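Since the structure is predicted, the reported quantities are computational estimates derived from the model, not experimental observations.
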Amino acid sequence: MEQISITFPDGSKRQFARGSTGLQIAESISKGLAREALAVEVDGEVWDLSRSINADAAIRLLKWADDGGKYAFWHSSAHLMAEAVESLYPGTKFGIGPPIENGFYYDIDMGDHSLTAEDLVRIEERMRTLAARDVPYVRAVKTWDEAVGYFRKKDDPYKLELLDGLKGETITFYQQGEFTDLCYGPHIPSTGRIKAIKLLNVAGAYWRGSEKNKMLQRIYGVTFPNQKELDEHLFRLEEARRRDHRKLGQELEIFLITPAVGGGLPLWMPKGTVVRESLIDFLRDEQKKRGYEFVTTPHIANLNLYRTSGHYPYYKDSQFPPIEMPEGEKFLLKPMNCPHHHQIYLAKPRSYRDLPVRLAEFGTVYRYEQSGEMNGLIRVRGFTQDDAHIYCTHEQLKREITSTVELTQLVFLTFGMDVRIRLSYRDDKNVEKYGGDVAFWVQAQREIKEVADEMKLDYFVGIGEASFYGPKIDFMVRDALGRTWQLGTVQVDYVMPERFQLEYTASDGKKHRPVIIHRAPFGSLERFIGILIEHFAGEFPLWLAPVHAVILPVTDAAKDYASAVARDYRAAGLRVEVDDRNEKIGYKIREWETKKVPFMLVVGEKELASGTVAVRQHKKGDLGAVTKEAFRDRLLDLIRTKALTA
RNA sequence: GCUGGCGUAGCUCAGCUGGUAGAGCAGCUGACUUGUAAUCAGCAGGUCGACGGUUCGAUUCCGCCCGCCAGCUCCA
């Protein structure tokens, strides 16, 4: 029999009969591997284990631990769910059902029927029954006509629409049990691999993601090869909900959003304001060290300012409507700070000797987000940017980008947050979305990429993610529920200098255009704090904690001592409270634990006599007594160094 | 904005098929003077999201609106 050469990930090669399948190869290595393998990567493409390999290839057997294995597993689970839905609700039309980061979904059209929680339970139970049959997923190559014929007969308009876009391509069907789907695969060997199933929720989703199309029902689910992993996954989801900044923000009295003021317009309570101002102080100091000058600008501006910048026609729909005066003059609640800053740049002639000019402001802006978009502090209608605009010469540009990226990295490092970096480019297929000359774009995109490469940033590229005036380096963070959000941003702008006719006099005595860098390390203070609350689960590092320590006198006899310690600590700049309520010490401790205050200082007769405090750390318990001065200095030290853990 | 779900005291929640509401915690008052995650007793607290309708009677049924949640779309 003819042989082919298979190369394994470790570089070793072995001969197999032509037409061997991934499963056969796995079996030849070990039974255990064959049992665990879900799919096989053949020359970089993921295949079914049952597919014949007919030529020399480099392969990698994919198991649950591999992303490719998980994706095949969840993709197959989506098909299993579709089979369950079809058997329970005949006539259901199917859209698409892909694997996603944490599970899978299927978009379905059930006509008038809205799925309920009870329906999900039924579908889930049916899936278990269907999985237990342990039937194979069978791949079949079809002609386009055969495929169309099948779905015409089945009367599934969505699949027919998908087929319209697949003329001339290889069309494959996958069938398991009673269900056949148009699908490029790959799939796992059989339904029996799916041991643990949970359907999570159902939500609306437009067909093909377009608002103009019909809204289908999307069922989200997740499956695992064993119950233990499902339980762990559900536990993590629960943990994420526990960290939800909206819940913690209320419990810890950080912020308030009330319909009395308006959706998306958070009010900062005293404790939240401490967090907010600590962040502002931190960044203001870092910026002063780096040559930024602070400015302050008003919250509204003449509408014409935004006509000049180009924001007004571009983003009319996401702005609050203009304020029109009786005399006809119109003002806009500012959606961004840059035009104001440009006016300050323009206020006097600039020489190359003055550049870079770095103008910074914690500036509050207002954007009319769609009502369904608001989300706690993370997506709001009024928010404060840690904004700055750097006006520099072209020669200075890369160095300034580098230093702003470094500042942003310092910020995230300070909080121990993992960020992903995205180079946000424009989408060349959708050019009307962007302003300015194409040549500027090409240049700006090249420059940010050069900086990213020189700094050895680990980045990915996002096409179509640029702002309308320039490409960006964006810093993205994941929230407690796994959604990713843009926080910090560094943007290169050649458009606004033209629009505002910004100039400087160069050494040649001629006028030149500066380049602008827009940058905001936090992005929005609101969003940043929302993410911070979830990141720390409400347990802020000491320097951000609204209350550093609470002093708990055991009895009235220690009250005066507690007050004296508090006075001394406050004089040193610490945020301390005294809880001298007439309650047992255990009661007070429990209460302050729930408030996540980092330290409790228990003081009774012993401490009074010895000038000490008995330190109890949040979640760690009793640490024993130390002198009140020693502990005060320790707190000051933790704050000064912005320690993440005490 | 769209689809679906939800809306009962400050918070967490109970209230079967319609007969004008209840618990725990928090709050207040009093007693207890307390040593590392809940001392005891009493009191007070709600136009059951809003407005219409059906009904002898609506927290409960219907409609509309508002708000919240999930997802979609959007995000300078």
Checklist entry - Hey, does the side-chain of A:S318 have a donor or acceptor N/O within less than 3.5 Å of a partner on the base of B:A76? => result yes
Item to check | A:M215 vs A:K247, nearer the 5' end of RNA chain B by closest nucleotide | outcome: A:M215
Checklist outcome for this item: Between CD1 of A:I257 and P of B:C68 the distance, given in whole Å, is 8 Å
Item to check | B:C72 base / A:E373 side chain donor-acceptor hit below 3.5 Å | outcome: yes
Checklist entry - C1' atom, B:G22 versus B:C65: distance in rounded Å? => result 29 Å
Checklist entry - Using a cut-off of 4.0 Å on non-hydrogen atoms, how would the nucleic acid contact of A:E605 be classed: base, sugar-phosphate, or nothing? => result base
Next on the checklist: Distance check needed: B:C2 C1' versus A:Y206 OH, whole Å only.
Outcome noted: 3 Å
Next on the checklist: Measuring from atom CZ of A:F460 to atom CZ of A:R420, what distance do you get when rounded to the nearest 0.5 angstrom?
Outcome noted: 4.5 Å
Item to check | Whole-Å gap separating P (B:C69) and CG (A:N201) | outcome: 15 Å
Checklist entry - With a 6.0 Å cut-off on ring centres, are A:Y220 and A:Y106 close enough? => result no
Atom pairs and distances, side-chain donor-acceptor, residues 604-618 of chain A, under 3.5 Å, sequence neighbours left out:
from   : atom 1 : to     : atom 2 : distance (Å)
A:E607 : OE1    : A:G604 : N      : 2.8
A:S610 : OG     : A:K606 : O      : 2.9
A:S610 : OG     : A:T612 : OG1    : 2.9
A:R616 : NE     : A:E593 : OE2    : 3.3
A:H618 : ND1    : A:E593 : OE1    : 2.9
A:H618 : NE2    : A:E539 : OE2    : 3.3

Item to check | Spacing of the C1' atoms in B:C43 and B:G19 (rounded, Å) | outcome: 29 Å
Checklist entry - With both distances under 3.5 angstrom, what nucleotide forms a Watson-Crick or G-U wobble pair with B:G7? => result B:C66
Item to check | Distance, P atom - from B:U47 to B:C69, rounded to whole angstrom | outcome: 24 Å
Item to check | B:C64 versus B:C11 - spacing of their C1' atoms, nearest Å | outcome: 31 Å
Next on the checklist: With rounding to the closest Å, how many angstrom separate the P atoms on B:A41 and B:C25?
Outcome noted: 10 Å
Next on the checklist: Please tell me if A:R581 has a side-chain N or O lying less than 4.0 Å from either OP1 or OP2 of B:C28.
Outcome noted: no
Item to check | Gap in Å between the two C1' atoms, one belonging to B:G57 and one to B:G49, rounded | outcome: 22 Å
Checklist entry - Taking the same atom, C1', in B:G10 and in B:G27, what whole-Å distance lies between them? => result 8 Å
Checklist outcome for this item: Any strand, both distances under 3.5 Å, Watson-Crick or G-U wobble: B:G30 pairs with B:C40
Checklist entry - Looking at A:R499 and A:T308, what are the two nearest heavy atoms and their distance? => result NH1-O, 3.0 Å
Next on the checklist: Classify A:G310 by what it touches in the nucleic acid, base, sugar-phosphate, or nothing, heavy-atom distance under 4.0 Å.
Outcome noted: nothing
Checklist entry - Counting only distance, no hydrogens or angles, is the base of B:U73 paired donor-acceptor with the side chain of A:Q370 under 3.5 Å? => result yes
Checklist outcome for this item: Comparing A:C338 with A:E211, nearest RNA chain B nucleotide closer to 5' gives the residue A:E211
Checklist entry - B:G67 P sits how many Å from A:R246 CZ, rounded? => result 16 Å
Checklist entry - Using atom C1' of each nucleotide, how far apart are B:C74 and B:A38 to the nearest Å? => result 47 Å
Next on the checklist: In whole Å, I'd like the distance from the NZ atom of A:K214 to the C1' atom of B:U3.
Outcome noted: 12 Å
Checklist entry - Base, sugar-phosphate alone, or nothing: which one does A:S467 contact when heavy atoms must sit under 4.0 Å apart? => result sugar-phosphate
Under 3.5 Å between N/O atoms: give me all the protein pairs with nucleotides 36-39 of chain B, atom names plus distance.
from  : atom 1 : to     : atom 2 : distance (Å)
B:U36 : O3'    : A:R616 : NH1    : 3.4
B:U36 : O2'    : A:R616 : NH1    : 2.9
B:U36 : O2     : A:R616 : NH1    : 3.2
B:A37 : O4'    : A:R590 : N      : 3.4
B:A37 : N7     : A:R616 : NH2    : 3.4
B:A37 : N6     : A:E593 : OE1    : 3.3
B:A38 : N9     : A:R590 : NE     : 3.4
B:A38 : N7     : A:R590 : NE     : 3.1
B:A38 : N7     : A:R590 : NH1    : 3.1
B:A38 : N7     : A:R590 : NH2    : 3.3
B:A38 : N6     : A:R590 : NH2    : 2.3
B:A38 : N1     : A:R590 : NH2    : 3.3

Checklist entry - Does any N or O in the side chain of A:D387 come within less than 3.5 Å of the main-chain N or O of A:H389, such that one atom is a donor and the other an acceptor? => result no
Item to check | Pair A:H342 + A:Y391: ring centers closer than 6.0 Å | outcome: yes
Next on the checklist: Applying side chain to side chain contact (heavy atoms under 4.5 Å, CB included), can you list everything that pairs with A:Y206, at least two apart in sequence or on another chain?
Outcome noted: A:E211, A:M215
Next on the checklist: Can you tell me the base-pairing partner of B:A23? Count Watson-Crick or G-U wobble geometry only, both distances below 3.5 Å, and say none if there is no partner.
Outcome noted: B:U12
Checklist entry - Atom CG of A:N375 and atom C1' of B:G67: how far apart are they, to the nearest Å? => result 15 Å
Checklist entry - Looking only at heavy atoms, what is the nearest atom pair of A:P553 and A:I585, with distance? => result O-CD1, 4.2 Å
Item to check | A:R379 (side chain) and B:C74 (base): donor-acceptor pair under 3.5 Å | outcome: yes
Item to check | Ring centres under 6.0 angstrom apart (A:Y312, A:Y306) | outcome: no
Next on the checklist: Categorize A:E251 for me: base, sugar-phosphate, or nothing, with a 4.0 angstrom heavy-atom threshold over every strand shown.
Outcome noted: nothing
Checklist entry - Is the gap between the ring centers of A:F468 and A:H311 under 6.0 Å? => result yes
Next on the checklist: Distance check needed: B:G4 C1' versus A:Y220 OH, whole Å only.
Outcome noted: 13 Å
Checklist outcome for this item: Closest to the side chain of A:A203, out of B:C2, B:A76, B:A70, is B:A70
Next on the checklist: Whole angstroms only, please: what is the CG-P distance between A:L265 and B:G67?
Outcome noted: 12 Å
Next on the checklist: So A:K606, base contact, sugar-phosphate only, or nothing? Heavy-atom distance under 4.0 Å.
Outcome noted: base
Checklist outcome for this item: pair_partner(B:C48), Watson-Crick or wobble, both distances < 3.5 Å, evaluates to none
Checklist outcome for this item: The Watson-Crick or G-U wobble partner of B:C61, with both key distances under 3.5 Å, is B:G53
Checklist entry - How would you label the contact of A:Y469 with the nucleic acid (heavy atoms, under 4.0 Å): base, sugar-phosphate, or nothing? => result sugar-phosphate
